[in-house]
Amino acid sequence: MILDVRNISTVFHLRRADIHAVKDVSFQLFKGETLGIVGESGSGKTVLCQSILGLLPKPPVKTSGHAYFDNTDLLDCDSKKLRQIRGNQISMIFQDPSSAFNPYLRLSEQLIEPLISHGYKSRKNALEKARIILSETKIPQPQKRMYQYPHEFSGGMLQRAMIGMALITNPRIVIADEPTTALDVTVQARILQLMKRLQNQYSLSIIFITHNLGIVAGFCDRVVVMYAGVVLETASTADLFNHTAHPYTKALIKSVPSIDNSKDSLYMIPGMPPDPAARLSGCPFEPRCRYRTDKCLKSENRLRETGKNHFTSCIRVLESELSL
Amino acid sequence: MGKFILKRIFLETLPSLLVIITVTFFLIRLAPGGPFSSEKQISAEVLEQLNSHYGMDKPLFAQYFSYLLNICKGDFGPSFKYPGRTVTELISESFPVSLELGLYALIFAILTGILAGVVAALKPGSFMDYFTMSVSMAGICIPAFVLGPLLVLVFSLKFGWVNVSGWNTFSDRILPSITLGMMYVAYIARLTRGGMLETMVQDFIYTARSKGLSETAVIFKHALRGALLPVISFMGPAAAGMISGSFVVETIFSIPGLGRFFVTAAFNRDYTMILGTVIFYAIIIIIFNTLVDIIQTILNPRLRNY
Ligand SMILES: Nc1ncnc2c1ncn2[C@@H]1O[C@H](COP(=O)(O)OP(=O)(O)O)[C@@H](O)[C@H]1O
Ligand SMILES: [Mg+2]
């Protein structure tokens with residue numbers, strides 16, 4: 001195990017309300033694996049991974065829980081130690097490459113920052129490393145291109161550069177927050193291929209955040225399903241699809257667009273996610289669940305094992321009243 | 001760059017200068033009185049002689065064209081009020097003083113303003129934020145003719161650290177520079193704060209943090225550049241105003257700068273001096289706006305076209 005996340009809760013204390021964006025989330029990441037975190041937008045995936053790296057502004061955000069990395073609790077260590085880990089041991093890839101690069105600085109300058117900020121002395125060697133990593137991400141003419149500015153690149157090329165930037169320090173974990181969502185479908189597939197190849201080459205563990213279960217199927221070893229800030233189900237990818245144990249996961253699988261599905265038969269989960277400012281008890285998916293009963297709101301929402309390494313929070317599944 | 005500047009001069013600068021000169025030339029002739037009307041009793045003969053000496057007996061349009069012709073040759077004419085002195089002389093004697101004062105004020109305003117704005121933006125809503133912003137609001141509200149004497153009262157009369165007025169030693173520069181720069185400190189601080197608040201929530205700031213950069217590097221390397229763009233646009237006209245002299249500040253501290261001429265020339269109907277100062281001021285503004293454009297192009301690569 002390389003990262004052990006335990007009971008993370010993140011609250012935005014805003015003037016009008018407290019927003020509970022992440023509620024008591026735990027998961028483990030093992031060496032070399034790809035862990036998918038899926039959920040509709042607004043389910044707290046971004047807040048979760050930014051909480052792990054302490055990237056959110058302290059007021060108004062308050063994070064509790066633990067994230068153990070190499071015996072270090074990332075949520076309870078001084079900012080200097082955290083900075084040594086960020087970008088060096090754990091890197092992030094962001095959703096929208098066109099806004100995640102600083103528009104005022106050359107790519108080269110931004111690419112070498114993870115090296116320079118972790119004590120790498122020679123700028124010249126750092127630039128050479130940047131060139132190599134760009135050629136590994138298959139950016140044509142890296143020697144010339146790296147001295148250009150972000151606006152001179154396409155979204156796909158920038159995302160390649162971002163992947164290179166995340167890998168330049170040879171980190172152990174990469175957290176990729178919807179790295180393909182902002183890209184064209186054709187570009188998406190190539191970016192995923194690239195990530196898979198580099199994962200083997202650099203023996204990386206990846207946390208892959210997406211709202212698209214279709215990508216998870218081909219890319220992830222294990223999956224955490226999030227909804228309204230909580231985890232509803234975790235399982236290996238095969239179990240998740242073959243022995244689905246939560247009605248929400250079932251609905252997500254059903255709503256994956258497939259090529260032979262024509263547009264009008266695209267399934268949409270009815271209803272809306274709950275207001276994050278409201279404090280709920282019981283299953284958060286209950287209002288939208290077609291299998292709901294009275295006891296869904298009365299029981300505590302907690303993950304329990306339903307098969308080997310397969311956890312769900314649906315009490316109806318757990319009590320074998322329901323098979324999906 | 002050379003092409004850019006040439007285009008700028010011939011397509012923008014010269015046409016706007018011509019418009020400014022023309023409008024000023026005819027406007028000041030519309031104002032009642034003339035350069036000699038405030039003199040003690042002068043006979044009609046003397047007045048006639050004066051008018052013909054300065055070419056004011058010719059038709060207005062003839063005067064206008066001969067004035068244009070002269071300034072093309074670099075001759076801004078004699079001053080009506082200071083006999084025997086030319087406008088060029090008067091401006092070139094007093095401008096260096098205003099320029100020096102303005103540069104000190106500019107440096108003071110930029111350094112303090114940016115620092116105050118950054119500090120305020122780091123913790124919006126905190127005590128430091130309210131404190132710096134209140135002080136800078138006061139800077140906008142207190143006029144120079146109040147702030148100047150106040151500073152003199154405290155630092156010259158009470159503590160005796162600097163002279164009350166004059167323009168001889170380096171310490172004479174301190175109070176006037178602060179008085180002149182204070183108003184701009186306030187504006188710069190508010191613009192910097194706004195720019196910083198906007199920039200600090202951008203995605204690329206999160207990227208920078210996720211790379212393990214220190215907060216200082218995040219602020220000064222990644223955030224400040226974008227945050228300063230609005231400040232720089234403001235600084236064009238502001239810097240031009242500062243270095244071309246302030247009537248109020250120069251009067252309070254008895255500084256022999258250019259600022260007083262803007263006011264006295266108008267009171268005295270010193271036609272050539274008015275035109276001279278207006279043209280000079282216009283040229284300074286144009287130079288500074290061009291500088292601003294160049295700096296912005298340097299700071300913002302998206303404005304560059306290769
Ligand atoms: N800066 C913020 N201020 C207030 N609430 C926020 C902020 N960022 C996210 N949230 C809230 O946190 C919840 C989770 O957001 P997010 O993690 O971005 O979702 P996801 O990444 O799964 O789409 C949302 O309900 C959103 O309203
Ligand atoms: Mg997100």
Side-chain angles (χ1 to χ4, degrees), chain A residues 15 46 49-50 52-60 79-107 109-120 147-152 162 165-166 168-169 171 174-175 177 182, chain B residues 114 118-130 192-193 195-233 292-306:
Chain A
R15 205 165 290 170
T46 299
C49 61
Q50 297 199 335
I52 294 172
L53 280 182
L55 290 175
L56 294 165
K58 276 289 137 49
S79 60
K80 198 162 162 236
K81 175 89 189 153
L82 195 58
R83 274 213 313 277
Q84 280 169 7
I85 293 171
R86 280 186 201 153
N88 194 24
Q89 308 271 344
I90 306 179
S91 295
M92 262 197 90
I93 297 170
F94 291 87
Q95 174 167 354
D96 184 358
S98 61
S99 63
F101 277 103
N102 187 332
Y104 307 123
L105 297 175
R106 288 178 205 281
L107 214 57
E109 189 54 42
Q110 308 189 50
L111 286 169
I112 63 173
E113 272 181 337
L115 292 169
I116 302 291
S117 65
H118 295 105
Y120 205 88
Y147 293 105
Q148 294 180 336
Y149 289 92
H151 71 274
E152 298 170 72
M162 171 96 76
M165 185 162 78
I168 196 165
T169 50
V174 168
I175 302 176
D177 187 359
Chain B
I114 290 178
V118 170
V119 167
L122 287 187
K123 286 223 167 84
S126 69
F127 169 75
M128 271 316 275
D129 184 18
Y130 285 119
T192 308
R193 176 181 181 271
M196 282 297 286
L197 286 181
E198 216 166 273
T199 314
M200 288 303 278
V201 295
Q202 303 270 322
D203 285 355
F204 64 80
I205 296 294
Y206 284 78
T207 312
R209 289 206 186 102
S210 82
K211 290 192 277 189
L213 266 66
S214 68
E215 201 55 24
T216 322
V218 171
I219 291 166
F220 287 99
K221 186 170 174 190
H222 285 273
L224 203 52
R225 197 180 281 249
L228 285 186
L229 290 177
V231 178
I232 288 161
S233 328
V292 161
D293 286 347
I294 293 172
I295 294 175
Q296 280 188 325
T297 320
I298 291 171
L299 284 183
N300 190 351
R302 282 175 296 189
L303 294 177
R304 277 173 236 170
N305 31 14
Y306 292 82

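Reminder, nothing fancy here: chain letters follow the sequence lines and each chain counts from 1. Bear in mind the structure is a predicted one, so any value in this text is a computation, not a measurement. Only this structure's heavy atoms are used, side chains among them; waters, hydrogens and symmetry mates stay out.
For the pair A/F94 and B/S210, the minimum side-chain heavy-atom distance is below 4.5 Å. Residues A/R86 and B/L213 have side chains not in contact (no heavy-atom distance under 4.5 Å, counting atoms from C-beta outward). Looking at heavy atoms from C-beta onward, A/L53 lies out of side-chain contact with B/Y206 at the 4.5 angstrom threshold. When side chains are defined from C-beta on, A/L105 counts as touching B/R225, because their heavy atoms get closer than 4.5 Å.
Heavy-atom pairs under 4.5 Å with chain B were tallied for A/P150, A/P114, A/A166, A/A100; the largest tally goes to A/A100. Ranked by heavy-atom pairs under 4.5 Å with chain B, the list A/M92, A/K80, A/H118, A/M162 is led by A/H118.
Contacts between A/S99 and chain B at a heavy-atom distance below 4.5 Å involve backbone atoms as well as side-chain atoms. Using a 4.5 Å cut-off between heavy atoms, B/K221 contacts chain A through both its backbone and its side chain. Interface residue A/Q50: only side-chain heavy atoms are found under 4.5 Å from chain B. In this structure, chain B has heavy atoms under 4.5 Å from both the backbone and the side chain of A/N102.
With a 6.0 Å radius and a threshold of 12 heavy atoms from other residues, nucleotides or ligands, A/Y147 has its OH atom above the threshold.
Listed by chain and number, the residues in a salt bridge (charged side-chain N to carboxylate O under 4.0 Å, His left out) with B/E215 are B/R209 (sequence neighbours excluded). Among residues two or more places apart in sequence or in another chain, the side-chain hydrogen bond (donor to acceptor under 3.5 Å, both in side chains) test is passed with A/S117 by none.
Between A/Y104 atom OH and B/H222 atom NE2 the span is 13.0 Å, to the nearest 0.5 Å. From B/K211, atom NZ reaches atom CD1 of A/I168 across 9.5 Å, with rounding to the nearest 0.5 Å. With rounding to the nearest 0.5 angstrom, the OG1 atom of B/T207 is 9.0 Å from the CG atom of A/L55.
When all heavy atoms are compared, the tightest approach of B/G212 to A/R83 is O-CD, 3.4 Å.
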